[in-house]
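Notes follow once the structure below has been shown.
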Amino acid sequence: MYKLLILDIDGTLRDEVQGIPKSAKKAIHLCQRNYCNVVICTGRSMGTIQDDVLSLGVDGYIAGGGNYIIYHDKILYNQSFEQDLIKKVVHLLKNRNVAFSIESQKKVFMNQKAKEIFESMNQFKIKHSSTNKQFITEKIIYKNNIDEYE
């Protein structure tokens, strides 16, 4: 029999304020010792998965909403949009003056409006957190860097 445990990150495995509970880390390692593979499944791209998650030593990742799958260090699937299509969409969105962001495997690109929305959401979460701890380091850098996208 093949055993596989699939875990989401945000709000499931990892809390934005507390991080990953020690009990979850222990449970993951216990599963692996008992021949159960553990895979992280997330909408995040690999470049935005937090370091504490990456350090867990899980067996694989299904990232980017299924666009990137790696299992035991072997890439099984890697799909992205055609660059011509992305350039057309970025051009359209810039002309519409709406908030938008683009995630690559390594970095997130966003315009000023998206930066402001994400920063506002994070400030709200910090303000309404039940603890006094600040957010554990996030890998997404919130800045107007859309013009850096190539």
Side-chain angles (χ1 to χ4, degrees), residues 1-83 85-86 89-90 93 99-150:
M1 182 196 305
Y2 194 78
K3 299 179 202 171
L4 179 65
L5 175 64
I6 300 174
L7 299 170
D8 179 41
I9 298 174
D10 299 307
T12 303
L13 172 64
R14 184 180 190 279
D15 178 85
E16 291 177 346
V17 177
Q18 301 294 331
I20 302 171
K22 289 179 184 177
S23 59
K25 293 177 187 179
K26 185 177 178 180
I28 287 169
H29 295 122
L30 182 62
C31 286
Q32 290 174 313
R33 279 197 305 271
N34 285 288
Y35 307 102
C36 178
N37 289 282
V38 179
V39 173
I40 301 295
C41 183
T42 181
R44 289 174 172 264
S45 63
M46 288 301 294
T48 64
I49 296 175
Q50 303 91 335
D51 291 333
D52 57 345
V53 175
L54 293 172
S55 69
L56 287 171
V58 297
D59 300 288
Y61 294 89
I62 301 169
N67 287 319
Y68 183 84
I69 302 171
I70 186 168
Y71 187 69
H72 292 290
D73 298 321
K74 182 179 178 189
I75 297 172
L76 302 179
Y77 188 73
N78 187 5
Q79 179 185 27
S80 60
F81 291 104
E82 295 291 328
Q83 288 301 312
L85 176 61
I86 295 172
V89 170
V90 168
L93 293 172
F100 71 97
S101 65
I102 299 172
E103 280 192 38
S104 71
Q105 287 297 345
K106 297 181 180 178
K107 191 173 181 179
V108 176
F109 301 90
M110 65 185 70
N111 67 357
Q112 182 64 29
K113 285 189 174 198
K115 172 193 177 289
E116 291 168 4
I117 290 169
F118 287 127
E119 285 178 339
S120 174
M121 288 170 43
N122 283 341
Q123 289 302 317
F124 179 83
K125 289 176 188 176
I126 290 170
K127 184 178 178 181
H128 293 90
S129 171
S130 60
T131 68
N132 292 327
K133 290 187 178 182
Q134 294 295 316
F135 278 55
I136 293 175
T137 305
E138 184 68 57
K139 290 181 82 172
I140 300 172
I141 297 171
Y142 299 105
K143 70 177 187 174
N144 181 4
N145 62 350
I146 196 65
D147 291 331
E148 294 174 21
Y149 180 78
E150 296 179 10

Between [atom1] on residue [X] and [atom2] on residue [Y], distance to nearest 0.5 Å:
{"X": "Leu85", "Y": "Ser80", "atom1": "CG", "atom2": "OG", "answer": "10.5 Å"}
{"X": "Thr48", "Y": "Glu103", "atom1": "OG1", "atom2": "CD", "answer": "4.5 Å"}
{"X": "Asn144", "Y": "Ser101", "atom1": "CG", "atom2": "OG", "answer": "12.0 Å"}
{"X": "Ile40", "Y": "Leu13", "atom1": "CD1", "atom2": "CG", "answer": "5.0 Å"}
{"X": "Leu5", "Y": "Cys41", "atom1": "CG", "atom2": "SG", "answer": "11.5 Å"}
{"X": "Leu93", "Y": "Asn111", "atom1": "CG", "atom2": "CG", "answer": "8.0 Å"}

Please report the shortest heavy-atom distance between [X] and [Y], naming the atom on each side.
{"X": "Ala63", "Y": "Met46", "answer": "CB-SD, 3.8 Å"}
{"X": "Glu148", "Y": "Lys107", "answer": "OE1-NZ, 2.8 Å"}
{"X": "Ala114", "Y": "Ala99", "answer": "N-CB, 3.6 Å"}
{"X": "Tyr35", "Y": "Lys3", "answer": "O-CB, 3.9 Å"}

Decide yes or no for [X] and [Y]: does some side-chain heavy atom of the first lie under 4.5 Å from some side-chain heavy atom of the second?
{"X": "Leu56", "Y": "Val38", "result": "no"}
{"X": "Asn145", "Y": "Lys115", "result": "no"}
{"X": "Thr42", "Y": "Val53", "result": "no"}
{"X": "Phe100", "Y": "Val90", "result": "yes"}
{"X": "Ile20", "Y": "Gln50", "result": "no"}

- Contacts satisfying side-chain hydrogen bond (donor to acceptor under 3.5 Å, both in side chains) that involve residues 55-72 (not counting sequence neighbours) are Tyr2-Tyr71, Gln32-Asp59, Asn37-Tyr71, Asn37-His72
- Note on the structure: With sequence neighbours left out, the residues meeting ring-ring contact (aromatic ring centres under 6.0 Å, His included) with Tyr149 are Phe109
- Message: Applying side-chain hydrogen bond (donor to acceptor under 3.5 Å, both in side chains), can you list everything that pairs with Asn34, at least two apart in sequence or on another chain?
- Response: none
